[in-house]
Amino acid sequence: MKIEIKNICCIGAGYVGGPTMAVIADRCHDIQINVVDVNENRIQAWNSENLSHLPIYEPNLDQVIKRRRGRNLHFSTEIKYHISNADMIFISVNTPTKTKGIGAGKASDLKWVEASARQVSKYAKGETIVVEKSTLPVKTALMIRQILETSLEKTNDSQTDNKQFYVLSNPEFLSEGTAIQDLECPDRVLIGGENQEAIKALVNIYLNWVDKEKILTTDLWSSELSKLIANAFLAQRISSINSISALCEATGADVKEVSTAIGADKRIGNYFLNASPGFGGSCFKKDILNLVYICNYYGLHEVSEYWQKIIDINNWQKQRILRVIVEKLFGSVSGKKLAILGFAFKANTNDTRESAAIHICNELIIEGGNLYIYDPRVTRKQIEEDLEISENEYSYGGEGSWTFADSILDASRGADAVIVLTEWDEFKNIEWSEISTVMRSPSWLFDTRSITDQSEAKRCGMKLWSLGCGSKLQSINLMPS
Ligand code: NAD
Ligand code: UGA
């Protein structure tokens, strides 16, 4: 089989397909790359003249697109045509949690992967390497291979084509907000497969910019499973530190100091130890739910329960923060104006999928709060879609509502509390002397990311609650016997 890849097609122009293909195009000028999608609006946005209208925001993505789009990087809805011309096809479609039927609420819905495999099976010509880029349950490659093989049987019968498929797993480890950096300097690239020539073809692409030592090759199942496990371990650290944030509040310790102290042990390491209102994003929850489902499927119920706890703590963290806010505001937020700073699930992205802000804001609206939401990148339309309530429309007995704010100051005018939910840099240097004067007294700062200048806020007369930061006075209390 041929090793040199000249033409790539990527099915799925989302958060992974778009940036990943852009970086491959940037590093491999001799390869023509077509990113295809069924979503016409998305493709139109990828093709927009004005680079601030790209469908996703990632630092430096616009520069990469500017360099390669129209040269060796193209975005299109011509799925059939580009599949038929490709030597290598990446499947980078969504794999959300099933919402109904067998495995609902846990198993991954693979209908988009299946549809992609069927399209490839039908339209691909000659030798084609099919690469799983989406995060998939272990053994999905078997399903893909079976779908591809049905078309081989048919073509062999009619003797019209000499199709041949090779399936590889090449999971993506990028994080949103640092996607371009992660793709340009990955910790590792993982490639699982059986056919050595196909593996070599993909390795050769990455060798254009990634060191040989960082390219790991495995069997298919280890590669597929490693992706789920990497996400499960990362989420586990967040739930661990979030559980400890509650203990710090109860005992008078400071979770930031605890994180620094434990992270200094290089066996533990200091990454992913920031307490938060709970992990969000499109993947951690769905991937752990999928892991829980797979463990149950194989009869490993104790293992499944262990991983389920990571999700349970994450839900509990959001709920307990909500309770703290309501309690501190004299037991009711009804009719009170609350400034919400940050709606994205993390900083440096416009993505809000599974953001802790969605749950906390919805619950505050149910409690009757009037929210003024400011996020540097999230649009009014996105917030409306996520909260499922129109802007300024009173809900739940005519009290709770939300309004889009253009700035921190705009959100804070007349507010009883400022609630920081996303760790945007802009929130680290808020001029509390300015903000505190436009708020109603007593003015509260609830910092669920512990990123603001809290001593300054206190100096300006604000009351403060910071996640994981226990009152120092409590530390003199004796433990109950
Ligand atoms: P996404 O929803 O942003 O994009 C998926 C795209 O695939 C959509 O635009 C959709 O229209 C398109 N699509 C679906 N079926 C199609 C078909 N049959 N033909 C053509 N287009 C089709 O999803 P995403 O965030 O890019 O995630 C994709 C996969 O990568 C998921 O499995 C996810 O778990 C995994 N992943 C995501 C991230 C991340 O940071 N978002 C990181 C690593 C891995
Ligand atoms: C995560 C993984 O980090 C990526 O390696 C993986 O490729 C990706 O999922 C995926 O499979 O989709 P992502 O969700 O983009 O990336 O972002 P993270 O930086 O992991 O943050 C996830 C959530 O955890 C965010 O809500 C963030 O605020 C939260 N978090 C992160 C914490 O609460 N504390 C931390 O210390 C770190």
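In each ligand, atom 1 is the first atom listed, and ligand 1 is the first ligand listed.
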Which option, [options], owns the non-hydrogen atom nearest [atom]?
| atom | options | answer |
| --- | --- | --- |
| atom 3 (O) of ligand 2 | Ala230, Ser239, Ser175 | Ser175 |
| atom 34 (N) of ligand 2 | Val16, Thr178, Asn274 | Asn274 |
| atom 41 (N) of ligand 1 | Gln119, Glu176, Glu114, Glu40 | Glu176 |
| atom 35 (C) of ligand 1 | Leu228, Asp37, Val35, Thr135 | Thr135 |
| atom 43 (C) of ligand 1 | Lys111, Glu172, Arg42, Glu132 | Glu172 |
| atom 4 (C) of ligand 2 | Leu174, Thr349, Leu421, Thr422 | Leu174 |

Identity and separation of the nearest protein heavy atom to [atom]:
| atom | answer |
| --- | --- |
| atom 20 (O) of ligand 2 | Phe272 CZ, 3.1 Å |
| atom 15 (N) of ligand 1 | Trp112 CD1, 3.2 Å |
| atom 30 (O) of ligand 1 | Val16 CG2, 3.5 Å |
| atom 32 (O) of ligand 1 | Thr95 OG1, 2.6 Å |
| atom 29 (C) of ligand 1 | Val93 O, 3.3 Å |
| atom 31 (C) of ligand 2 | Ile238 CD1, 3.6 Å |
| atom 21 (O) of ligand 2 | Lys346 CD, 4.0 Å |

Does Arg353 approach ligand 1 within less than 4.0 angstrom via side chain, backbone, both or neither, non-hydrogen atoms only?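 Under 4.0 Å from ligand 1, Arg353 contributes side-chain atoms alone.
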Which bit of Ile11 is near ligand 1, meaning a heavy atom under 4.0 Å away: side chain, backbone, both or neither? side chain
So that I can tick it off, tell me whether [Y] and [X] are bridged by a salt bridge, with the cut-off set at under 4.0 angstrom between side-chain N and carboxylate O.
| X | Y | answer |
| --- | --- | --- |
| Glu184 | Arg27 | yes |
| Glu114 | Arg118 | yes |
| Arg69 | Glu49 | no |
| Asp211 | Lys214 | no |
| Arg380 | Glu385 | no |
| Lys256 | Asp254 | no |
| Arg67 | Asp26 | yes |
| Lys227 | Glu132 | no |

Compute the minimum heavy-atom distance from Arg449 to ligand 2 and say whether it is under 4.0 Å. yes
Tell me whether ligand 2 is touched by Lys227 - counting only heavy atoms on the residue side and a distance under 4.0 Å.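 Contact check Lys227 vs ligand 2: positive.
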Between [X] (side chain) and [Y] (backbone), is there a donor-acceptor pair under 3.5 Å?
| X | Y | result |
| --- | --- | --- |
| Thr448 | Leu467 | no |
| Trp465 | Val324 | no |
| Glu224 | Lys139 | yes |
| Trp424 | Arg377 | no |

When rounded to the nearest 0.5 Å, the distance separating CD1 of Ile79 from CD1 of Ile89 is 11.5 Å
[X], any N or O under 3.5 Å of ligand 2 N or O:
| X | value |
| --- | --- |
| Ser276 | yes |
| Ser282 | no |
| Phe345 | yes |
| Phe284 | no |
| Asp287 | no |
| Ala275 | no |

May I ask you to check whether [X] and [Y] show a side-chain donor-acceptor distance below 3.5 Å?
| X | Y | answer |
| --- | --- | --- |
| Tyr206 | Asn170 | yes |
| Tyr15 | Glu172 | no |
| Thr95 | Lys286 | yes |
| Gln236 | Tyr306 | yes |

With heavy-atom distances below 4.0 Å as the criterion, list the atoms of ligand 1 near [X].
| X | answer |
| --- | --- |
| Val38 | 11 (O), 19 (N), 20 (C), 21 (N), 22 (C) |
| Ser92 | 5 (C), 28 (C) |
| Lys227 | 43 (C) |
| Tyr15 | 3 (O), 24 (P), 25 (O), 26 (O), 41 (N) |
| Leu174 | 40 (O), 42 (C) |
| Asn94 | 2 (O), 5 (C), 6 (C), 7 (O), 10 (C), 12 (C), 13 (N), 14 (C) |
| Cys283 | 33 (C), 34 (O), 36 (N), 37 (C), 38 (C) |
| Lys286 | 33 (C), 34 (O) |

Within the structure provided, determine whether Ile325 and Ile419 are in side-chain contact (heavy-atom separation under 4.5 Å).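 Ile325 reaches Ile419 side chain to side chain.
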For ligand 2, which part of Asn231 has a heavy atom less than 4.0 Å away: the side chain, the backbone, both, or neither?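 For Asn231, only side-chain atoms sit under 4.0 Å from ligand 2.
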